Amino acid sequence: MNEKLLQYLWNFKIFTRFNFTDTEGNPIEILDFGRWNTDSGPDFLMAKIKTKNITLAGNIELHVKSSDWIFHQHSKDSAYKNIILHVVFQNDIEIKEFKELNIPTLELKDHIDRNVFQKYENLLKESQFVPCEKIFSTKKIPVNFHEENLLRKLEEKSVEIESDLLRQKNNYEAVLFHYLAYSFGLKVNAAIFKQIAESIDFAVINKIRQNKTQLEALFFGISGWLENPQDSQMQIWKREFDFIKAKYNSSELKIQPKFLRLRPPNFPTIRLSQLADLYFQYQNLFSKIISAQSTNGLIEIFKDIKASEYWDNHFNFGKISPVNQTKSLTKDFIELVILNSILPIKFTYHKHLNENINDEILNFYSEIQAEKNSVTEQWKRLGLKIRNSVESQSLIYHFKTCCETKNCLNCGIGFKILKES
């Protein structure tokens with residue numbers, strides 16, 4: 001057993017039984033196993049469990065032995081403060097801090113078939129991209145495959161958005177802010193940026209959005225970056241943040257974004273400043289987005305957004321960069337924001353009001369270039385030509401929901417292959 005294999009088994013829920021209990025015998029119901037995190041920090045993010053009649057939401061950390069928590073020195077790392085469950089293969093020692101904080105430990109050794117160890121070690125070494133790779137043919141792709149996939153993905157996303165709307169009392173402006181923050185965070189900081197956005201009462205954003213310095217101060221302050229100002233601009237932001245906290249009785253919560261594995265233009269400092277500029281420039285952002293009739297109309301909204309002047313020669317606080325350059329949004333980044341946030345919200349808003357929304361939203365996607373990432377490149381290797389984001393979004397979604405989970409019986413391509421066989 002190794003930690004990577006344990007994470008694999010947890011991610012794909014490969015257990016002989018699911019009647020989990022903690023090391024003290026209390027039942028644990030896993031409501032959401034979480035999202036597998038391949039970056040630094042806890043192994044599974046945004047998980048949800050129920051134990052002792054209490055539902056907890058947060059992160060899950062996995063170890064082969066419970067003592068690995070001490071060995072890896074997680075106690076000293078602030079990234080591990082929101083742990084709701086410690087999952088181990090073997091509980092070799094009791095962790096004192098978990099006992100004090102009522103964080104349960106789940107031991108898995110009696111829930112895993114020992115025969116799967118070698119089998120799944122072999123699977124992890126398998127280089128095959130999709131289960132049907134050796135017999136895959138582009139001729140097996142059904143008619144309207146991409147359109148149906150994308151609309152299915154949008155329907156799933158709209159359920160998530162409607163759930164957020166319910167919590168925000170149908171305030172589309174607030175939900176838009178949360179999803180834009182998510183997109184501006186990119187893969188590494190998406191969940192963290194959304195958490196920052198959700199920690200702010202949107203009424204406060206509305207009250208200070210005419211002051212870009214205050215918007216930046218709010219974002220930077222919540223990120224925990226203003227406690228020790230290193231230059232005069234940081235002192236200004238700190239003063240404004242302290243003023244906002246006092247005036248609006250803001251939370252003392254600190255949510256720190258990550259810099260690891262990011263190129264400097266994608267540093268959270270730059271992206272949060274650009275997000276502040278977006279809300280500074282548009283007092284009616286939601287209505288502008290909803291009324292846009294084309295992809296070019298949406299791109300126009302974002303094309304002049306840039307980080308404040310401080311960031312022309314900075315990527316991080318107090319460190320002057322030798323290159324002086326305006327940090328504007330690139331076209332690729334704008335299209336990514338449109339794909340991941342704007343179009344799902346437009347679809348959700350219009351789907352009960354406009355019977356033609358499916359065709360209209362597909363047209364928006366068709367006007368955006370195909371995404372380029374490891375998944376789309378693998379599909380191209382199998383002979384597919386990906387012409388636009390309808391097809392790239394479809395193939396990414398299909399890979400995650402069918403191929404990665406080997407859900408071949410619910411796959412249109414798999415059905416054709418089985419039928420012909």
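Values in this document were obtained by computation on a predicted structure and should not be read as measured data.
- Here the side chain of Thr348 pairs a donor or acceptor atom with the backbone of Pro344 at under 3.5 angstrom.
- At least one donor-acceptor pair under 3.5 Å links the side chain of Thr16 to the backbone N or O of His111.
- For residues 301-330, the set of pairs meeting the salt bridge (charged side-chain N to carboxylate O under 4.0 Å, His left out) definition, not counting sequence neighbours, comprises Glu300-Lys303.
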### Message
Walk me through whether Asn149 and Gln393 qualify under side chain to side chain donor-acceptor pair (under 3.5 Å).
### Response
CA-CA 8 Å; Asn149 261 345; Gln393 288 269 301; over 6 Å; no
Taking distance alone, no hydrogens or angles, what donor-acceptor pairs closer than 3.5 Å link side-chain atoms of residues 258-268 to residues at least two apart or in another chain?
from	atom 1	to	atom 2	distance (Å)
Lys258	NZ	Ser40	O	2.6
Arg261	NH1	Thr38	O	3.0
Arg261	NH1	Asp39	OD1	3.0
Asn266	OD1	Arg271	NE	3.3
Asn266	OD1	Arg271	NH2	2.4

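- Residues His63 and Phe71 keep their aromatic ring centres 6.0 Å or farther apart.
- Remark: Glu335 engages Lys331 in a salt bridge, criterion side-chain N to carboxylate O under 4.0 Å.
- A side chain to side chain contact (heavy atoms under 4.5 Å, CB included) with Phe44 is found for exactly one of Asn11, Asn37, Leu85, namely Asn11.
- Checking side-chain atoms of Thr105 against main-chain N and O of Thr23 turns up no donor-acceptor pair under 3.5 Å.
- Taking a cutoff of 4.0 Å between a charged side-chain nitrogen and a carboxylate oxygen, Lys385 and Glu391 do not qualify as a salt bridge.
- A donor-acceptor pair is defined here as one N or O able to donate and one able to accept, closer than 3.5 Å; such a pair exists between the side chain of Tyr80 and the backbone of Gly41.
- Looking at Ser341, its side chain does come within 3.5 Å of a backbone N or O of Tyr179 through a donor-acceptor pair.
- Rounding to the nearest 0.5 Å places CD of Gln378 at 7.5 Å from OG of Ser374.
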### side chain to side chain contact (heavy atoms under 4.5 Å, CB included) between Arg209 and Leu285, intermediate numbers included
CA-CA 11 Å; Arg209 65 195 302 171; Leu285 183 59; 4.3 Å; yes
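- Side-chain atoms of Asn388 and Tyr365, non-hydrogen and from C-beta on, never get closer than 4.5 Å to each other.
- The one candidate from Tyr310, Phe317, Phe241 that meets the ring-ring contact (aromatic ring centres under 6.0 Å, His included) condition with Phe220 is Phe317.
- Ring centroid separation for the pair Phe177 and Tyr279 comes in under the 6.0 Å cut-off.
- Without hydrogens or angle criteria, Ser199 side chain to Ile196 main chain gives a donor-acceptor distance under 3.5 Å.
- Distance check, rounded to the nearest 0.5 Å: OG of Ser291 to CG of Leu298 gives 9.0 Å.
- Taking the ring centroids of Phe20 and Phe18, they lie under the 6.0 Å cut-off.
- Under the side chain to side chain donor-acceptor pair (under 3.5 Å) criterion, no residue pair touches residues 48-57, with sequence neighbours excluded.
- Only one option out of Asp92, Val88, Ile93 pairs with Lys65 in a side chain to side chain contact (heavy atoms under 4.5 Å, CB included); it is Asp92.
- The aromatic ring centres of Phe129 and Phe399 sit less than 6.0 Å apart.
- Counting heavy atoms from C-beta outward, Leu108 and Leu106 have side chains that approach closer than 4.5 Å.
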### Query
Is there a side chain to side chain contact (heavy atoms under 4.5 Å, CB included) between Glu173 and Asn206 once you walk through the steps?
CA-CA 10 Å; Glu173 284 274 12; Asn206 273 332; 5.7 Å; no
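- For the pair Lys157 and Phe347, the cation does not sit on the ring face, since its NZ or CZ is not both under 6.0 Å from the ring centre and inside 45° of the axis.
- Nearest heavy-atom pair across Leu6 and Phe89 is CD2-N, 3.9 Å.
- Summarising the geometry, atom CD belonging to Gln7 is positioned 12.0 Å from atom CD1 belonging to Ile60; distances are rounded to the nearest 0.5 Å.
- A donor-acceptor pair under 3.5 Å is absent between the side-chain atoms of Lys254 and the main chain of Ile222, judged by distance alone.
- With contacts defined as side-chain heavy-atom distances shorter than 4.5 Å, the pair Trp69/Ile83 qualifies.
- The aromatic ring centroids of Phe286 and Tyr172 lie less than 6.0 Å from each other.
- No donor-acceptor pair closer than 3.5 Å links the side chain of Gln168 to the backbone N or O of Ala174.
- Under the 3.5 Å distance criterion, the side-chain polar atoms of Ser321 are matched with a main-chain donor or acceptor of Val323.
- A salt bridge links Lys351 and Glu155; the closest N-O separation between the charged side-chain nitrogens and carboxylate oxygens is under 4.0 Å.
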